[in-house]
Amino acid sequence: MPLAASPRVTTLRVVLIKPSKYDDEGYVITHWKGTLPSNTLAALMGLTQRVKQERLLGDGVDIQIEMWDETVHHIRPERIMRRARRAADKTLICLVGVQTNQFPRASDLARRFRALGAEVMLGGFHTSGSHAMLGMQPEMQALIDEGITLICGEVEEHWHEMLRDVLRGETKPMYDFVDDKPDLFEKPIPMMPRAYRRRFTFRHMATVDTSRGCPFNCSFCTIINVQGRKMRWRSPEKIAATVRERWAQGVTHYFFVDDNLARNRVWEEIFDRLIALREQEGIELTFMMQVDLLSHTIPNFVEKARRAGCTQVFLGMESLNPANLADSGKRQNNIDDYRVLIDTYRRHEIATHCGYIIGFDGDSYESVIHHDLERLMHEIQPDQASFFMMTPLPGSADHKRWKGEGRQMSEDFNEYDSFHAAMPHPRMTADEWTRAYQDAWRIFYSFDNMRAILSRTKDRNYFNVMKNFIWYRNAMIEGEHPMITGFFRRKRRLDRRPGFEIESRWAFFKRRTREISHLMREWLRLYWEMQELWLATWPQRDHRVQLARQYVVRWADIGRNLLRPLRWPHIPAQMSLRFGLLGRRRLLAQGQEAMALVRRRARISRRMLNLYWRRTLRRFGHLQWHRIDVGETIVNAWREMKINLWFLAHIVKSKRFDMTGEMG
């Protein structure tokens, strides 16, 4: 039933903002192109759109919605408020999905908006987890004292009531819904407008949480204390309808952000509907999901995930030390089954991506780098790995226990991002711990290991894995974790954390010039490395070699069936067939040798071209133009164009290949 609204207010402007975080130098982390859109932002967008469409605030109230993600947008509070005052009677600023490492930046934005006269709400995992496990905390009370409203828990059941309070001027200092978990079955699906998706590298990707909660009890996790251990799920019919609708809008890939899709009770119905979309309606969607390490034991789960379009699965492996797993309460992980798990998914052409935590009490630099990492790469063999430093996240059982024990933890929440040492470690110094984390990334994503991974990767996932390699190696150049890194970092001189000096224009210009020059050089090296990696692993998959191999195998089977009944009287026929098969085997060998020659020539050409261009540029810079051979330059330019067009054409076509397995 529509709720009555204040007759004095006719327009409410709801500004949804996903804050970013500060880097170590105090600058806000923002990129030209992002990589992971915010599902929380999309969920609030869907909820607000529903309130508007169903007129839940009354017929006389118009709702205008803005959607900002600071990882890809420049947030200017003064400009937002000027525009809002012209267009609306009242403005609500909502800082959503605020994680612990984003809390300092979110607090600064909240204070700036509040000083400009806006109603401000702030919510997310930090406020929800802290309040659920520890009650009211000083940093939260400080915001309340400044007139900023805090939100704890999920708002699906109460969002329209909260907007009504804003209209009536009756906003509460705090809304606590942690113990009031909503039923998601008929709630609006997260909404991701096309204009927002265009801000990201993979603009054809969207996110959906098909369920929330997790039945397990990992001590480092905040999800179970915010979203609960009882699984709640969305309607499979609504999910399928949303996928069908967004397919027409260009969305072809999904990241199902559920903490554990395998424990969703209606997973099979969801997969069945996605299979029907793919096989009956020709909607060739793909998706990535997160599951536990027992998911491969669920009957039909992996098989149906493959048919439904799953191309990649994220697995919380966490550690290869049994003592670490026991201490963290992750008893469902059995290290002896890791290889079986990986092989099961690989057999069904699903790439595996494992999460690995460095910094359990039983870890040391030697145990992580010289034992666990070697075993991970050479025995377990996942296709990708993401490394994290153990972090005492507020809202986790670990944080509550360590706080009760008086264990020292960083007072700067900006460091609670899983790649800073936010607390002392019993067996490593902060420098050793950080070095172990950085070396794990460097070793796992070395050229040799990436080549080994791509060599055993199924064709269906080849370009999917390679694009993630490019993403992760770019993050290593940026010096940030891939989960918060996009492409081409933007920095603004005045957007600096309070307490850091604002640089002069000239000093800032010199800094950015050095940083951008370094980035361009590293990108060029990365491009050449990925090109060489592709040349070393892809041409062997050329369809001509595959057809030749199938041709020989087929004729070998025919020959064996014909030769088996033949006896000595039929020696001429027998010899004729054997010579025929021998010729076809030579055909295969020649095809493989030809492709090997292509790879060798390509790699040699790449090295020779790089050497030639460096020598030519050096001569040009020294004004030795007479030593530059114009003919050789033209020939090498032609070779450069051929190699690069060959490589770029495959990357561009990889989207279709990921969906259909055909390069086209």
Side-chain angles (χ1 to χ4, degrees), residues 35-40 42-43 184 189-190 192 202 204-216 218 221 223 227 231-236 238-240 242-243 246-247 251-278 283-318 332-333 341-342 344-355 382-386 458 460-461 464-465 467-468 471 482-483 658-659:
T35 49
L36 288 178
S38 169
N39 188 72
T40 304
L184 301 174
I189 302 292
M192 202 161 286
F202 309 111
H204 60 284
M205 183 182 77
T207 63
V208 172
D209 51 343
T210 68
S211 64
R212 293 181 193 165
C214 180
F216 297 109
C218 306
C221 181
I223 288 177
Q227 296 183 346
M231 299 293 293
R232 294 163 289 127
W233 51 87
R234 298 187 185 274
S235 164
K238 292 193 69 171
I239 292 172
T242 302
V243 169
R246 292 180 182 172
W247 172 262
V251 179
T252 62
H253 183 76
Y254 284 88
F255 178 20
F256 292 150
V257 299
D258 311 43
D259 189 61
N260 194 340
L261 181 57
R263 304 302 157 180
N264 184 336
R265 291 189 181 180
V266 295
W267 68 262
E268 190 165 18
E269 188 174 350
I270 293 174
F271 285 172
D272 286 341
R273 290 182 180 274
L274 296 181
I275 290 170
L277 291 178
R278 287 175 58 87
I283 297 178
E284 298 167 340
L285 79 145
T286 58
F287 65 89
M288 172 186 175
M289 62 179 178
Q290 302 182 89
V291 297
D292 62 80
L293 273 69
L294 297 176
S295 58
H296 67 294
T297 65
I298 302 174
N300 298 324
F301 182 82
V302 180
E303 293 84 351
K304 288 202 170 184
R306 164 65 173 85
R307 290 180 59 199
C310 182
T311 58
Q312 186 175 164
V313 58
F314 184 87
L315 305 162
M317 195 170 290
E318 320 306 4
Q332 70 271 19
N333 284 17
L341 167 77
I342 298 297
T344 301
Y345 278 105
R346 182 174 293 136
R347 189 168 59 252
H348 289 85
E349 299 183 309
I350 298 176
T352 51
H353 185 164
C354 76
D383 299 307
Q384 296 166 239
S386 289
K458 299 291 186 181
R460 177 174 181 255
N461 289 314
N464 185 20
V465 173
K467 285 184 289 187
N468 283 336
W471 168 20
M483 300 304 174
D658 290 341
M659 292 189 297

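Owing to the predicted nature of the structure, the values given are computational and were not obtained by experimental measurement. The figures that follow rest on heavy atoms only: side chains count, while hydrogens, waters and symmetry mates do not.
- With sequence neighbours excluded, the residues forming a side chain to side chain contact (heavy atoms under 4.5 Å, CB included) with T40 are S38, L44, V96, listed by chain and number.
- Here T207 pairs with N39 under the side chain to side chain donor-acceptor pair (under 3.5 Å) rule; sequence neighbours left out.
- A 4.5 Å side-chain heavy-atom check between I350 and T311 finds every atom pair outside the cut-off.
- When the ring pair (Phe, Tyr, Trp, His ring centres under 6.0 Å) test is applied to H348, no partner is found at least two apart in sequence or on another chain.
- Among residues two or more places apart in sequence or in another chain, the side chain to side chain contact (heavy atoms under 4.5 Å, CB included) test is passed with C221 by C218, I223.
- D259 pairs by the salt bridge (Lys or Arg N to Asp or Glu O under 4.0 Å) definition with nothing, not counting sequence neighbours.
- Take E269 and apply the salt bridge (Lys or Arg N to Asp or Glu O under 4.0 Å) test, not counting sequence neighbours, and it matches R273.
- Under the ring pair (Phe, Tyr, Trp, His ring centres under 6.0 Å) test applied with F287, the options F314, Y254, F256 reduce to a single match, F256.
- With sequence neighbours left out, F202 forms a side chain to side chain contact (heavy atoms under 4.5 Å, CB included) with H204, M205, K467.
- Contact of the V465 side chain with the H353 side chain is not registered, since no non-hydrogen atoms from C-beta on lie closer than 4.5 Å.
- Residues that satisfy the side chain to side chain donor-acceptor pair (under 3.5 Å) test with R347, not counting sequence neighbours, are absent from this structure.
- Of all heavy-atom pairs between G213 and M231, the closest is O-SD, 3.0 Å.
- For Q290, there are no side chain to side chain donor-acceptor pair (under 3.5 Å) partners at least two apart in sequence or on another chain.
- Few gaps surround CZ on R306; more than 12 heavy atoms of other groups in view lie less than 6.0 Å from it.
- Residues forming a side chain to side chain donor-acceptor pair (under 3.5 Å) with R212 (at least two apart in sequence, or on another chain): E154, E156, D209.
- Partners of A262 according to the side chain to side chain contact (heavy atoms under 4.5 Å, CB included) rule, which considers only residues two or more places apart in sequence or in another chain, are N260, V291, D292, S295, I298, F301.
- Between E268 and K304 a salt bridge is recorded (basic side-chain N to carboxylate O distance below 4.0 Å).
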